[in-house]
Novice: 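Encoded as structure tokens, here's the structure I'll be asking about.
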There are 2 protein chains.
Amino acid sequence: MKNEDEPKDKRLKPGDAQKLTMAEVAKYVGVSAMTVSRAFRQDASVSEETRKRIMEAVDALGYVLDLSAGSLSSRRSGFIAALVPSINNSNFSDTARGITDALQNTGLQLLLGYTDYSAEKEEELIEAMLRRRPEGIILTGGSHTARARRMLAKAGIPVVETWELPEDPINQVVGFSNSEAMALLVRTLAGQGYRKFGYIGGTTARDTRGSQRRSGFQKTVEELGLGPGRMISFGVPPITMEQGGQAIVSLLERWPDTEVVLCVSDLSAFGAIMECTRRGMKVPRDIAIAGFGDYEISSICHPRITTINVDCYGIGRQAAARLLHALQSGEATGDEITLTGYKVVLRESTDRNGAPTA
Amino acid sequence: MKNEDEPKDKRLKPGDAQKLTMAEVAKYVGVSAMTVSRAFRQDASVSEETRKRIMEAVDALGYVLDLSAGSLSSRRSGFIAALVPSINNSNFSDTARGITDALQNTGLQLLLGYTDYSAEKEEELIEAMLRRRPEGIILTGGSHTARARRMLAKAGIPVVETWELPEDPINQVVGFSNSEAMALLVRTLAGQGYRKFGYIGGTTARDTRGSQRRSGFQKTVEELGLGPGRMISFGVPPITMEQGGQAIVSLLERWPDTEVVLCVSDLSAFGAIMECTRRGMKVPRDIAIAGFGDYEISSICHPRITTINVDCYGIGRQAAARLLHALQSGEATGDEITLTGYKVVLRESTDRNGAPTA
DNA sequence: TCATCAATTGTTATCGATATCATATAGTCG
DNA sequence: CGACTATATGATATCGATAACAATTGATGA
């Protein structure tokens with residue numbers, strides 16, 4: 001079947017670098033392989049003149065360092081792993097960007113995986129990552145399978161859990177209380193006079209941040225004596241814009257007099273608002289709607305959406321910073337919790353005056 | 001400065017896995033390391049009974065395979081690299097998802113990097129990737145620095161360029177003509193009676209897909225005898241929702257009688273529509289607006305946005321499939337071009353009847 | 001002037017798994 | 001029954017860089 005002996009692909013000229021090794025570069029320059037190895041690192045002691053000659057040879061030959069060999073020997077893989085629920089969510093991709101930026105010039109690279117909001121998939125990914133011996137690992141959330149926890153414990157590398165405040169942290173934490181953030185939003189809106197609160201979120205407990213927001217909502221509504229919240233669960237997290245639209249329809253069918261609806265994220269809030277608009281309801285005149293996460297869309301759409309701004313980028317930066325610190329200080333750092341900020345952003349979608357804009 | 005000899009971090013119990021090796025697992029079970037190695041692969045010949053015993057030991061000891069060692073020996077790194085302009089763009093994250101899905105059960109992992117629409121950053125990333133010896137690499141677009149091209153040629157691995165049809169392909173291509181896709185949209189809208197066309201895009205040539213769309217627009221408008229298009233360039237790609245809003249203001253100031261505006265992406269189209277709405281203009285009654293990319297938002301927002309649907313996910317899947325094919329057939333595959341589909345999706349934002357919905 | 005030291009380079013062993021070849025054992029078949 | 005084959009396992013060399021230590025050189029200073 002296979003024609004192995006056919007002439008090689010045209011882009012592979014016979015004598016090409018293909019398997020060029022450090023030793024060959026060394027021979028070419030007339031030094032030892034070790035010297036070439038040193039030339040690739042800034043710290044090492046190589047005379048400027050030698051390094052220049054080596055680098056010229058590297059260029060001429062087209063040699064590319066082989067880290068997989070180096071990392072075996074140095075026992076440093078040169079990357080850190082990060083797992084996020086979804087790459088298709090700008091909150092998490094901002095966090096990924098924060099990590100990448102913090103890793104600049106550290107010689108560490110980011111290996112990203114996404115768990116699709118599933119603890120099982122997370123477990124698989126953790127194993128896949130650990131097989132490549134990352135120097136540290138950043139996780140989203142604090143709920144992991146037992147085996148995942150065991151693997152992480154054994155790995156002996158710094159672990160940072162983000163975006164939440166887990167009850168039983170593995171190691172370090174960089175995040176905030178989703179439940180308190182949502183509570184703050186409820187209190188703020190109650191302070192503006194809203195009384196009949198609805199909530200739209202996903203069905204299962206897969207999205208732990210979602211459940212925390214939900215419970216923060218529920219608890220606060222009750223504390224304020226505003227009766228039980230009107231909760232609609234719609235679909236498996238992450239709930240989409242479209243599901244947000246469907247959810248608000250159900251919610252309003254069941255509780256037509258709802259005054260304000262809080263959504264587990266801006267995306268569902270946006271879907272809900274659009275669906276209302278489409279049905280001839282004015283937001284916030286007929287109903288107020290708020291989201292969570294402060295996605296770009298919320299400051300652009302019409303009406304602009306009230307939300308909780310979360311420091312997504314900062315979470316990434318700080319998580320990476322904690323990791324770097326742990327690595328530098330010889331892994332002797334204890335477990336710490338770094339709180340990141342959040343704030344209510346009041347916008348048109350919950351404006352008591354009703355007229356979103358002139 | 002550092003206290004290297006302090007007691008180790010509490011979470012690392014002395015006897016822990018830390019440096020558990022395959023040889024130790026082998027000794028524990030009473031077989032050779034080679035047999036343990038085989039047990040980890042399905043294809044290898046190990047008796048079911050031995051494999052079971054080994055896997056139990058692996059579990060009991062908490063051993064995790066070390067791929068960095070294995071890949072040095074087997075000369076297979078077990079991953080493929082993909083570079084996208086931005087992870088924070090759902091078009092590209094759909095492509096990334098397509099790649100990941102296609103890689104399921106192949107033993108290959110995806111290593112993702114983002115270039116931020118910069119050829120220099122791409123070059124850096126290509127080098128960083130090649131240092132880890134990926135078995136293949138997927139790029140976005142066809143414009144690369146000379147050094148990047150040289151490195152890729154020398155690497156001797158399959159390369160897939162995506163999302164475009166480069167004039168001078170490196171190896172394989174999976175994509176479509178952005179210029180023709182945009183041309184199709186212009187023709188479709190012209191067919192509906194629109195005559196005065198505007199265009200909103202980014203300023204520089206950094207985003208080659210953007211420039212191609214622009215030139216497809218320009219060319220077609222002229223071909224149809226609709227005068228030169230009214231082009232507004234706004235900001236460095238990727239242009240944001242907000243910039244879309246600013247751009248349409250400029251465009252309408254300059255050419256108030258414009259009938260329809262095409263945007264380089266749905267995101268800028270959305271921003272433009274919201275800005276119009278905010279200023280009391282009705283879309284499409286007062287002005288029609290269309291986007292490119294068929295992002296989720298475009299089917300949800302109000303009015304829904306006319307756009308070009310691109311098979312983002314399919315691009316990823318097929319790019320990975322081409323790569324896998326090349327790897328299986330002993331890298332002897334020639335350069336091929338795989339065309340992916342696109343289609344015009346007509347929605348409310350360009351509806352000639354003007355009334356988006358009841 | 002000779003010991004000492006810093007700077008630079010070389011030598012050798014090694015990281016941990018796997019390719020490759022060798023070997024043992026059991027089953028098959030004319 | 002002997003040769004042959006398939007299956008299961010082991011022994012050893014090796015992948016390509018780097019750690020660790022050794023060696024060389026020239027400079028410095030008492």
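Throughout, a chain's letter reflects where its sequence line sits, starting with A, and its residues are numbered from 1. As a basis for the values below, the full set of heavy atoms in this structure was taken, side chains included, without hydrogen atoms, waters or symmetry mates.
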Novice: With sequence neighbours left out, write down each residue that passes ring-ring contact (aromatic ring centres under 6.0 Å, His included) with B:Phe79, or none if nothing qualifies.
Specialist: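 For B:Phe79, no residue satisfies ring-ring contact (aromatic ring centres under 6.0 Å, His included) once neighbours in sequence are set aside.
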
Novice: For DNA chain D, note the earliest and the latest nucleotide, 5' to 3', having some atom under 4.0 Å of a heavy atom belonging to chain A.
Specialist: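 Here the contact window of chain A covers D:dG16 to D:dC21.
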
Novice: If the condition is side chain to side chain contact (heavy atoms under 4.5 Å, CB included), which residues does B:Leu72 pass it with, not counting sequence neighbours?
Specialist: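 Expected list: A:Ala69, A:Leu72.
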
Novice: Please report the C-alpha distance between A:Ile157 and A:Glu135 in whole Å, then the side-chain angles of each, then the deciding distance to 0.1 Å, and finally whether the side-chain contact (heavy atoms from CB on, under 4.5 Å) criterion is met.
Specialist: CA-CA 6 Å; A:Ile157 56 174; A:Glu135 301 186 29; 5.7 Å; no

Novice: Who passes ring-ring contact (aromatic ring centres under 6.0 Å, His included) against B:Tyr114, sequence neighbours left out?
Specialist: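 If we apply the ring-ring contact (aromatic ring centres under 6.0 Å, His included) test to B:Tyr114, skipping adjacent residues, there are no hits.
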
Novice: Mind checking what makes side chain to side chain donor-acceptor pair (under 3.5 Å) contact with A:Arg317, not counting sequence neighbours?
Specialist: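 Residues passing side chain to side chain donor-acceptor pair (under 3.5 Å) with A:Arg317: A:Tyr313.
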
Novice: Listed by chain and number, what are the side chain to side chain donor-acceptor pair (under 3.5 Å) partners of A:Thr50, not counting sequence neighbours?
Specialist: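 Listed in chain order: A:Ser47.
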
Novice: Can you tell me if B:Ser71 touches the phosphate of C:dA17, counting only side-chain N or O atoms and a distance under 4.0 Å to OP1 or OP2?
Specialist: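 No, no such contact exists.
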
Novice: Give me the distances for all protein-to-nucleotides 8-12 of chain C N/O pairs that come in under 3.5 Å?
Specialist:
{"unit_1": "C:dT9", "atom_1": "OP1", "unit_2": "A:Ser47", "atom_2": "OG", "d": "3.3"}
{"unit_1": "C:dT9", "atom_1": "OP1", "unit_2": "A:Thr50", "atom_2": "OG1", "d": "2.5"}
{"unit_1": "C:dT9", "atom_1": "OP2", "unit_2": "A:Ser47", "atom_2": "N", "d": "2.9"}
{"unit_1": "C:dG10", "atom_1": "OP2", "unit_2": "A:Ser32", "atom_2": "N", "d": "2.8"}
{"unit_1": "C:dG10", "atom_1": "OP2", "unit_2": "A:Ser32", "atom_2": "OG", "d": "3.0"}
{"unit_1": "C:dG10", "atom_1": "OP2", "unit_2": "A:Thr35", "atom_2": "OG1", "d": "2.6"}
{"unit_1": "C:dG10", "atom_1": "N7", "unit_2": "A:Arg38", "atom_2": "NH1", "d": "3.3"}
{"unit_1": "C:dG10", "atom_1": "O6", "unit_2": "A:Arg38", "atom_2": "NH2", "d": "2.5"}

Novice: State, to the nearest 10°, the angle formed by the axis through the first five base pairs of the helix from C:dT1-D:dA30 to C:dG30-D:dC1 and the axis through its last five.
Specialist: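 Computed from the C1' atoms at both ends, the axes differ by 30°.
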
Novice: May I ask you to decide whether B:Asp66 forms a salt bridge with A:Arg132, counting only side-chain N to carboxylate O separations under 4.0 Å?
Specialist: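 Salt bridge absent between B:Asp66 and A:Arg132.
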
Novice: Which pairs with one or both residues in residues 138-148 of chain B pass side chain to side chain donor-acceptor pair (under 3.5 Å), sequence neighbours excluded?
Specialist: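 Side chain to side chain donor-acceptor pair (under 3.5 Å) check on residues 138-148 of chain B returns B:Glu122-B:His144, B:Glu123-B:Thr145, B:Glu123-B:Arg147, B:Glu127-B:Arg147, B:His144-B:Glu161.
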
Novice: According to side chain to side chain donor-acceptor pair (under 3.5 Å), who are the partners of A:Asp59, at least two apart in sequence or on a separate chain?
Specialist: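 Side chain to side chain donor-acceptor pair (under 3.5 Å) list for A:Asp59, sorted by chain: empty.
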
Novice: Please report the C-alpha distance between B:Leu139 and B:Leu152 in whole Å, then the side-chain angles of each, then the deciding distance to 0.1 Å, and finally whether the side-chain contact (heavy atoms from CB on, under 4.5 Å) criterion is met.
Specialist: CA-CA 11 Å; B:Leu139 305 173; B:Leu152 289 169; 3.7 Å; yes

Novice: Which residues satisfy the salt bridge (charged side-chain N to carboxylate O under 4.0 Å, His left out) test with A:Glu48, sequence neighbours excluded?
Specialist: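 Salt bridge (charged side-chain N to carboxylate O under 4.0 Å, His left out) check on A:Glu48 returns A:Arg51.
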
Novice: So which of residues 73-80 of chain B are in contact with DNA chain D, with a heavy-atom cut-off of under 4.0 Å?
Specialist: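 Heavy-atom contacts with DNA chain D come from B:Ser73, B:Arg75.
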
Novice: Which pair of non-hydrogen atoms, one from A:Ala102 and one from A:Leu324, has the smallest distance, and what is that distance?
Specialist: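 That would be O-CD1, 3.6 Å.
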
